[in-house]
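For reference, the structure is listed below as structure tokens.
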Amino acid sequence: MTKNITCVTCPMGCPITVELNDNNEVISVTGNTCKRGEQYAKDEVTHPQRSLATTVRVEGGIHGVVPCKSAGPLPKEKIFECMEAVNAARVNAPVKLGDVLVADVCGTGVNIVATNHCPAK
């Protein structure tokens with residue numbers, strides 16, 4: 001099987017072709033111009049991951065929400081489940097940059113952390 005993807009590890013956006021065997025194991029990677037592209041392609045076709053950036057509701061803050069992100073990559077197949085968990089979360093002000101807002105989101109081992117402050121009213 002062949003999969004064609006575009007590498008996003010740098011601005012070059014190399015078109016990469018990945019050859020897989022019948023067990024979905026990578027046989028070859030072509031089209032990349034660097035080692036990072038090769039690793040990205042292997043990861044993308046065998047276990048894709050994404051970062052999550054969103055907001056969490058804040059109770060008693062000068063703002064109703066605080067921006068946040070995943071502290072590391074999340075399995076792509078769990079993104080919607082993780083988003084539901086983050087949408088359900090509520091935190092109390094004050095919130096500081098780097099505070100863990102949702103620990104171990106959906107059992108992934110990845111925390112959702114604040115990317116800004118939200119002082120109390």
Side-chain angles (χ1 to χ4, degrees):
M1 175 189 333
T2 301
K3 290 196 176 187
N4 295 308
I5 62 172
T6 300
C7 182
V8 296
T9 58
C10 80
M12 290 194 51
C14 296
I16 298 178
T17 301
V18 182
E19 295 286 335
L20 302 163
N21 65 16
D22 293 336
N23 296 325
N24 259 2
E25 297 168 337
V26 176
I27 298 171
S28 69
V29 176
T30 57
N32 57 297
T33 56
C34 67
K35 287 280 187 192
R36 291 185 317 167
E38 180 179 0
Q39 189 59 53
Y40 169 80
K42 288 177 181 178
D43 292 342
E44 184 64 15
V45 298
T46 58
H47 190 257
Q49 297 182 330
R50 299 291 184 268
S51 294
L52 179 62
T54 186
T55 58
V56 169
R57 293 188 194 272
V58 177
E59 302 291 335
I62 63 169
H63 305 294
V65 296
V66 66
C68 60
K69 69 174 186 170
S70 56
L74 297 163
K76 184 178 176 184
E77 68 272 9
K78 286 202 162 210
I79 289 293
F80 288 110
E81 180 183 349
C82 291
M83 194 62 217
E84 287 177 12
V86 172
N87 282 340
R90 303 290 184 269
V91 296
N92 293 316
V95 177
K96 295 181 183 157
L97 176 71
D99 282 356
V100 174
L101 306 178
V102 181
D104 187 21
V105 65
C106 298
T108 61
V110 177
N111 294 330
I112 303 298
V113 297
T115 58
N116 205 344
H117 303 286
C118 183
K121 286 183 184 177

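Position 1 is the first residue of the sequence, and the numbers go up from there. Hydrogens, waters and symmetry mates play no part in the numbers below; they use all other heavy atoms, side chains included. Bear in mind the structure is a predicted one, so any value in this text is a computation, not a measurement.
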*Are Val8 and Val26 co-members of a hydrophobic cluster defined by side-chain heavy atoms under 4.5 Å apart?*
yes
*asked:* Using only atom types and a distance under 3.5 Å, with no angle test, would you say the side chain of Asn23 pairs donor to acceptor with the backbone of Glu25?
replied: no
*asked:* Quick check for you: to the nearest 0.5 Å, what is the distance between Lys78 atom NZ and Cys106 atom SG?
replied: 6.0 Å
*If you round to the nearest 0.5 Å, how far is NZ of Lys121 from CD1 of Ile62?*
10.0 Å
*Not counting sequence neighbours, list each pair that qualifies as a side-chain hydrogen bond (donor to acceptor under 3.5 Å, both in side chains) and has a residue in residues 47-61.*
Glu44-Arg50
*Of all heavy-atom pairs between Ala120 and Ala93, which one has the smallest distance, and what is that distance?*
CA-CB, 3.7 Å
_Under the criterion side chain to side chain contact (heavy atoms under 4.5 Å, CB included), I'd like the reasoning laid out for Gln39 against Asn32: C-alpha separation, chi angles, the key distance, then a yes or no._
CA-CA 10 Å; Gln39 189 59 53; Asn32 57 297; over 6 Å; no
*If you round to the nearest 0.5 Å, how far is SG of Cys82 from NZ of Lys76?*
14.0 Å
*Please go through Val110's hydrophobic cluster and name the other residues, only I, L, V, M, F, W, Y counting, with side-chain heavy atoms under 4.5 Å joining them.*
Leu52, Val56, Val58, Val66, Leu74, Ile79, Met83, Val86, Val91, Val95, Leu101, Val102, Val105, Ile112
*Please name the pair of heavy atoms, one in Asn87 and one in Arg90, separated by the smallest distance, quoted to 0.1 Å.*
O-NH1, 2.9 Å
*Is a side-chain donor or acceptor of Thr115 paired with a backbone partner of Lys69 at a separation under 3.5 angstrom?*
no
*asked:* Please report the interatomic distance CG(Asn24) to CE(Met1), rounded to the nearest 0.5 Å.
replied: 5.0 Å
*Taking every non-hydrogen atom, the tightest pair across Tyr40 and Thr6*: CE2-O, 3.8 Å
*Which distance, rounded to the nearest 0.5 Å, do you find between the SG of Cys118 and the CG of Leu97?*
12.5 Å
*For residues 92-108, pull every pair meeting side-chain hydrogen bond (donor to acceptor under 3.5 Å, both in side chains), keeping only residues two or more places apart or in separate chains.*
none
*Heavy-atom pair of closest approach, residues Ala41 and Ile16*: CB-CG2, 3.7 Å
*asked:* Quick check: closest heavy atoms across Ala103 and Asn111, and the distance to 0.1 Å?
replied: CA-OD1, 3.2 Å
